[in-house]
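What follows is a set of notes on a single structure, which appears directly below.
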Amino acid sequence: MTSEIDVIHWRTEEAGEIYVLTLDVSGQGANVLSSAVLQEFDRILSRIESRPLRGLIIRSAKPNGFIVGADVYEFQKISDSARAAELARAGQIVFNRLAKLPFPSVALIHGNCLGGGLELALACSYRIAREDDGTRLGLPEVRLGIHPGFAGSVRLPPLIGDLAALDMMLTGRTVSARQARAMGLVDETVPERHLLHAAHALLARQARVRRASWWKRAPGWSMLRKPVVRLLERQLRKKANPDHYPAPYKALELWRRDASQEEEALSLGELLVGRTSRNLVNIFLLGEELKRNGRREPHNVAHVHVVGAGVMGADIAIWAAFKGFRVSLQDQQPEVLARAVKKAYGFYQKKLKKPVAVQEAMDRLMPDLNGNGLHRADLVIEAIVEKADAKRDLFRSIESIVRPDALLATNTSSIPLEILGEALKDPSRLVGLHFFNPVAQMQLVEIVRGQKTGESAMERARAFTVAIERLPLDVKSSPGFLVNRVLMPYLIEAMILVQEGVRIEDIDQAATHFGMPMGPVLLADTVGLDICLSVAEMLAGPLGIDVPERLREMVARGDLGRKSGKGFYTYNKAGRPRRRVAKGQSDTPITERLILRMLNEAVACLREGVISDADGVDAGMVYGTGFAPYLGGPLRYAEALGETGIASSLKRLAQEYGPRFEPDQAWGRSGLLTRRAIMRA
Ligand code: NAI
């Protein structure tokens, strides 16, 4: 029987005094809790709360999951903290109504059950999760610079215990169905076909409502709270600077005070309108935007053929097979292929664990010494040595073998696509797919458009990138594309500082204090000084960069960084650098030199049209290099600093240190920095 309540996001049905509510947010691929969805939910609850029902079942109609969280786009529109707190309060009121129903309720969870979605489930009497690898539960709010706001921070500790609850809230880590069952977050895990039946059975037997055992709640005893907070805060500080990322500290503070729902709402309100959250939300939305760009057209790729099984080719092939593609991996050296297969096995074992899944992934990845896979390939990715002639010869022979509709891609980091395209009869099918090292960790892929690259090749390349769960960013074929070009002046400035006698530890510390994931000296060592040198030399001509003499000498000596055991740092057997304690001198002059060079190059890329808008630069640098996410990317940071201020600082530095600091002509040019893909609040 269908109910009479007029709603568009929820489906309501009733059988045997059990009310079943199915969320199917209209016009969206995943369920998000927008204000409209919550208002409808409230209306439904108010209608049924006085009825003589025996239970309520809440589930999702979306194949990809239960609920992914609150509507992030709504966050962006709010600019004052009182309004933001109001939003949280509104959600709390609805969930309290759910928690106080006179009959029991059960959430049927499959796929993603995150943030506000988990908070909804927490307000139910019971939770049942589908037992498979796709089910993930968590409170990832800290990743957006906030903490739970729909009473999650109040409801979670009594259910799973204080330390487990804090761990989930402070790290944003998600758990599987099995883990959720073990920690008491869900009551049962069952296969898909038993979900509804299990819910009815739970309601029928009026099972006991779960509570954490006393010893799991012991850390919350009043005399223990302070020392626990001190301990956790010490751990937190190792991972996140409270000035940059206040949210986990605020969540901890709420717990210390055993805070009420109202205090949770007020604290969330402040965070939501703060700089960090605004920037993190923006970066998240930019990532979504990049994914959307890759979903417009199908990729039509089932079989990928990768040529070159070195550092990059092997990783690309391993990753694509991991993500479900059939992959053949070709190299002229059999031992290189053997190494790649061994690496794949280790990687799949670590990631997939189950022997069947590991075997399936291995079956998808075929070592292919003779290039037999080329005949069947829908996409060929070239990742051989960085030599234009070798690549051209290869593309010439590839074109004569592959099907006419196969897409051709190169992973080159420096050779213009126009030069490689000369070898092809049809250069419009050649595109750059520029991955970053290590492929499994770096989310960004630059989709390089040569002058002759066709639109269809770009579309397919983007779509393939999204299909392997990476973020595609369009860039023009020009030296260094976006990411390497912006990064290089920063790395070179660090090397100049070394030459001036500044200690490497102090340079790296200045950068990490600023918010970089790793200092530039350690980064150069990690990437490999030979690779840095080749990128620097490639950019030297077009960008007028002076390659530091010290870098050449080190590479000539064979000091290549971490991989050779010695670079700027020396490394122990485990690959860890031996570091002296930083002297703790003032970071400011170092940071200014490092960061301003980066900003100057970033704005030059925008002016030259290497990338079409400021959002692209920001997304590229955050997802491609980890540029301080709390600042929202280099150009958002530049906007916050003010263009005129930057230009005058650069002028001052140019007088002191030389023309490499000369401000780019783009500073102050109206509209360049505000040309953005995403509407701003
Ligand atoms: P690599 O030197 O580790 O691997 C190249 C492999 O290609 C070698 O195993 C070699 O045997 C094989 N090869 C050479 N000619 C071949 C041919 N004609 N047929 C079949 N196999 C052939 O090089 P790496 O570092 O993996 O770089 C590959 C490409 O990726 C280059 O274009 C490089 O610019 C680019 N790239 C490298 C990054 C890095 O961090 N290493 C990052 C992004 C792009």
Side-chain angles (χ1 to χ4, degrees), residues 305-319 328-343 366-374 377 380-402 408-417 419-420 423 430-448 450 465 470 473 475 477 479-485 487-488 491 523-539 555 560-564 567 620 623-625:
H305 184 84
V306 180
V307 193
V311 180
M312 293 306 288
D315 276 9
I316 295 168
I318 291 169
W319 184 258
S328 42
L329 176 60
Q330 181 184 353
D331 201 289
Q332 56 199 12
Q333 304 178 63
E335 61 278 12
V336 175
L337 282 177
R339 211 164 43 223
V341 170
K342 192 166 165 227
K343 187 170 182 194
M366 291 155 278
D368 181 8
L369 193 59
N370 301 317
N372 296 329
L374 276 170
V380 180
I381 303 177
E382 168 279 312
I384 69 166
V385 281
E386 191 70 344
K387 293 203 173 105
D389 286 344
K391 286 187 195 278
R392 265 207 302 243
D393 289 348
L394 180 70
F395 273 118
R396 204 169 290 122
S397 76
I398 288 175
E399 195 184 31
S400 67
I401 300 170
V402 292
L408 304 182
T410 172
N411 187 45
T412 181
S413 33
S414 64
I415 304 168
L417 258 72
I419 292 185
L420 300 179
L430 178 69
V431 63
L433 273 175
H434 186 230
F435 286 83
F436 293 86
N437 187 11
V439 175
Q441 275 165 41
M442 305 307 292
Q443 287 196 62
L444 193 79
V445 177
E446 288 178 321
I447 311 291
V448 188
T465 303
R470 305 285 86 169
L473 180 72
V475 294
S477 171
F481 313 131
L482 172 77
V483 172
N484 283 343
R485 173 165 166 190
L487 203 57
M488 195 41 70
L491 295 182
L523 179 64
D525 266 5
T526 305
V527 169
L529 298 185
D530 50 341
I531 290 177
C532 285
L533 179 62
S534 73
V535 178
E537 279 174 339
M538 174 259 293
L539 291 175
V555 173
L560 305 182
R562 184 174 264 153
K563 62 185 167 190
S564 72
Y623 287 115
T625 71

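Numbering of ligands and ligand atoms starts at 1, following listing order. Note that the coordinates shown come from a computational prediction; the quantities given were computed from them, not determined experimentally.
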Original post:
Hey, is the main chain of G313 close enough, under 3.5 Å, to the side chain of N411 for a donor-acceptor pair?
Top reply: no
Original post:
Got the residues with a heavy atom under 4.0 Å of ligand 1, by chain and number?
Top reply: V307, G308, G310, V311, M312, D331, Q332, Q333, V336, A383, I384, V385, E386, K391, N411, T412, S413, H434, F435, N437, I531
Original post:
Any donor and acceptor pair, going by atom type alone, linking the side chain of E382 with main-chain N or O of L394 inside 3.5 Å?
Top reply: no
Subject >> Sequence-distant partners of F436, ring-ring contact (aromatic ring centres under 6.0 Å, His included), two or more places apart >> reply: H434
Original post:
Are the side chains of M442 and N437 in touch, meaning some heavy atoms are under 4.5 Å apart?
Top reply: no
Subject >> Spacing of L482 atom CG and L473 atom CG [to the nearest 0.5 Å] >> reply: 6.5 Å
Subject >> Side-chain heavy atoms of R485 within contact of P479, under 4.5 Å >> reply: no
